[in-house]
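Numbers here simply count residues along the sequence, with the first being 1.
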Amino acid sequence: MTARLIAPLFLSALACTAVPVAAQAPAYPTTQHAGPFKSGHVQGIAVDRKGGYIYYSFTNMLAKYDFHGRLVGTLTGWSGHLGDLDFNDADGKIYGSLEYGKQSAFYIAVIDGSRIDRVGIPAEGNDVLRTVYLPEVTRDFAAPGHRYGCSGIDGVAFGPAFGRTGGPNYLTVAYGIYGDNARSDNDHQVLLQYDASDWTRLARPLVEGQPHHRGPSRLRSKVFVRTGNTRYGVQNLAYDESLKRWFMGVYVGAKPSYPNYGLYAVEARSKPVRGALLGVPRPAGKGWEQGLLLPLARDGIEHGPSGIRGWRQKADVGFQPLGNGLYLLADNSKDEAGQSATLKLMRWTANATAPFAKLDQ
């Protein structure tokens, strides 16, 4: 249950971070516990700030809680992997990565959270959950050797076009990347950006026995961020309106030549620049493949040998900026009763070694 609710009016605490503070904001839970469930572990969260709900992806089920810690309902009944989530303020829907690797079928799940009002709603047989196919992901996944180390998709977030801090919001999807120390072509995170404003015409109900291939024929942008290899790429992707940056939470990698941080960031104003994807051979075998590159934010801990910057921060099973310098971060746990998640409301500190702190610290 939620320990207490708190309205984020921490003017003095946030003054040193240059984060704008609104006059009023929702009363977010300072802590919240979800579960236990007989499911996969928590993968990500989405927050409906106006409605007062938090949605949890537990791999093969979705749980809806209100800000007071009450379980409102669950959506169940798929065998694929539901990953990271984000709430789209434009249409009031939850968007999440849904993958069926054995079928080479990768989707964005579009979920009508307003209809999740009881426990045990089946995903099939209704249109609470609809799916949009991503052919670009399938092409890279199905290429020989899984191009760029693509294992599928995970991180999902809405935010501005790369290189901008305002304007329309686009759906941004991050690849999963296989962890493999023997490869050199898997050291970049891959981010795809889509205009999802007309996806109602593309979305189809989930029918696992008949996976459809209806999706966008084009994407707005495909960019690469060199972080070093991570295990399954960007697990949690989030756009932070306060700091005007994209955050990427990962399962830490293991290549000894990289710092293997748990959290990375890209400034929203950074414009993609075409350059060499180091370690990715051209198809003809001469030199490196070219692609649009985004630099990492010049923040956090700098790794001298590689120049890579980031934070030693767990942000791989639930990371949600709330505005006003506040964030919800998740931890996962498991016992004989099942899988659980615990959220904590945190504030940004701008400290390279401890970027987040509890509100009472």
Side-chain angles (χ1 to χ4, degrees), residues 84 86 97 134 136-137 140 147-151 153-177 184-196 218-230 232-253 255 257-280 282 288-303 306-311 313 315-316 319 321 352 355:
D84 191 22
D86 199 13
S97 58
L134 300 182
E136 180 72 12
V137 181
D140 284 338
R147 187 179 296 120
Y148 314 121
C150 176
S151 66
I153 52 175
D154 273 297
V156 172
F158 283 91
F162 297 127
R164 298 180 63 89
T165 59
N169 280 338
Y170 296 96
L171 176 65
T172 308
V173 182
Y175 278 13
I177 304 290
S184 64
D185 61 349
N186 59 355
D187 291 333
H188 296 83
Q189 306 302 333
V190 184
L191 306 178
L192 309 181
Q193 204 160 64
Y194 296 91
D195 180 356
R218 295 188 305 171
L219 50 105
R220 190 181 189 282
S221 185
K222 183 176 186 176
V223 302
F224 300 81
V225 183
R226 187 173 175 81
T227 61
N229 184 234
T230 59
Y232 297 105
V234 177
Q235 292 295 301
N236 277 203
L237 179 67
Y239 180 69
D240 184 358
E241 181 63 35
S242 296
L243 295 178
K244 307 294 185 185
R245 62 172 47 154
W246 296 90
F247 278 108
M248 301 179 293
V250 305
Y251 298 147
V252 297
K255 287 188 176 181
S257 57
Y258 291 103
N260 301 313
Y261 299 125
L263 181 66
Y264 301 91
V266 171
E267 303 293 1
R269 67 178 180 272
S270 295
K271 296 185 180 298
V273 175
R274 184 164 295 279
L277 303 181
L278 300 178
V280 183
R282 288 180 183 270
W288 303 127
E289 184 177 322
Q290 301 289 299
L292 291 174
L293 287 158
L294 283 173
L296 288 168
R298 295 189 63 79
D299 199 355
I301 304 168
E302 183 175 11
H303 179 244
S306 67
I308 288 172
R309 303 181 75 126
W311 297 267
Q313 171 68 49
D316 52 14
F319 180 92

Looking only at non-hydrogen atoms, find the nearest pair between [X] and [Y] and report the distance.
X	Y	value
Arg245	Ala265	CD-CB, 3.9 Å
Glu267	Ala297	OE2-CB, 3.5 Å
Trp288	Ala276	CB-CB, 4.0 Å
Leu192	Lys222	CD2-CG, 3.4 Å
His303	Tyr261	N-OH, 3.5 Å
Lys271	Leu294	C-CD2, 3.8 Å

From [X] [atom1] over to [Y] [atom2], what is the distance, rounded to the nearest 0.5 angstrom?
X	Y	atom1	atom2	value
Arg226	Gln189	CZ	CD	11.5 Å
Leu293	Ser270	CG	OG	12.0 Å
Leu191	Ile153	CG	CD1	12.5 Å
Tyr170	Arg220	OH	CZ	4.0 Å
Met248	Asp154	CE	CG	13.5 Å

Taking [Y]'s backbone N and O only, do any of them form a donor-acceptor pair with [X]'s side chain (distance below 3.5 Å, no angle check)?
X	Y	result
Asp316	Gln235	no
Ser151	Gly176	yes
Asp185	Gly149	no

Tyr175 side chain to Arg147 side chain, donor-acceptor N/O pair below 3.5 angstrom: no

Partner of Tyr258 by side-chain hydrogen bond (donor to acceptor under 3.5 Å, both in side chains), out of Thr227, Asp187, Thr230: Asp187

Under the rule for side chain to side chain donor-acceptor pair (under 3.5 Å), what residues qualify as partners of [X], not counting sequence neighbours?
X	result
Tyr264	none
Asn229	none
Gln313	none

Phe319 vs Asp84, side chain to side chain contact (heavy atoms under 4.5 Å, CB included): CA-CA, chis, key distance, verdict: CA-CA 9 Å; Phe319 180 92; Asp84 191 22; over 6 Å; no

Parallel, tilted or perpendicular: rings of His188 and Phe224 (30°, 60°): perpendicular

Tyr232 atom OH, over 12 foreign heavy atoms within 6.0 Å: no

So, do [X] and [Y] sit near enough that their side-chain heavy atoms are less than 4.5 Å apart?
X	Y	result
Tyr148	Leu277	yes
Leu292	Phe162	no
Pro259	Ser306	yes
Leu134	Tyr194	yes
Pro160	Trp246	yes

Pairing of Glu289 and Arg282 as salt bridge, 4.0 angstrom limit: no

Side chain to side chain contact (heavy atoms under 4.5 Å, CB included) between Asn186 and Lys255, worked out: CA-CA 11 Å; Asn186 59 355; Lys255 287 188 176 181; 2.9 Å; yes

Partner of Phe247 under side chain to side chain contact (heavy atoms under 4.5 Å, CB included), chosen from Leu263, Leu237, Val234, Asn236: Leu263

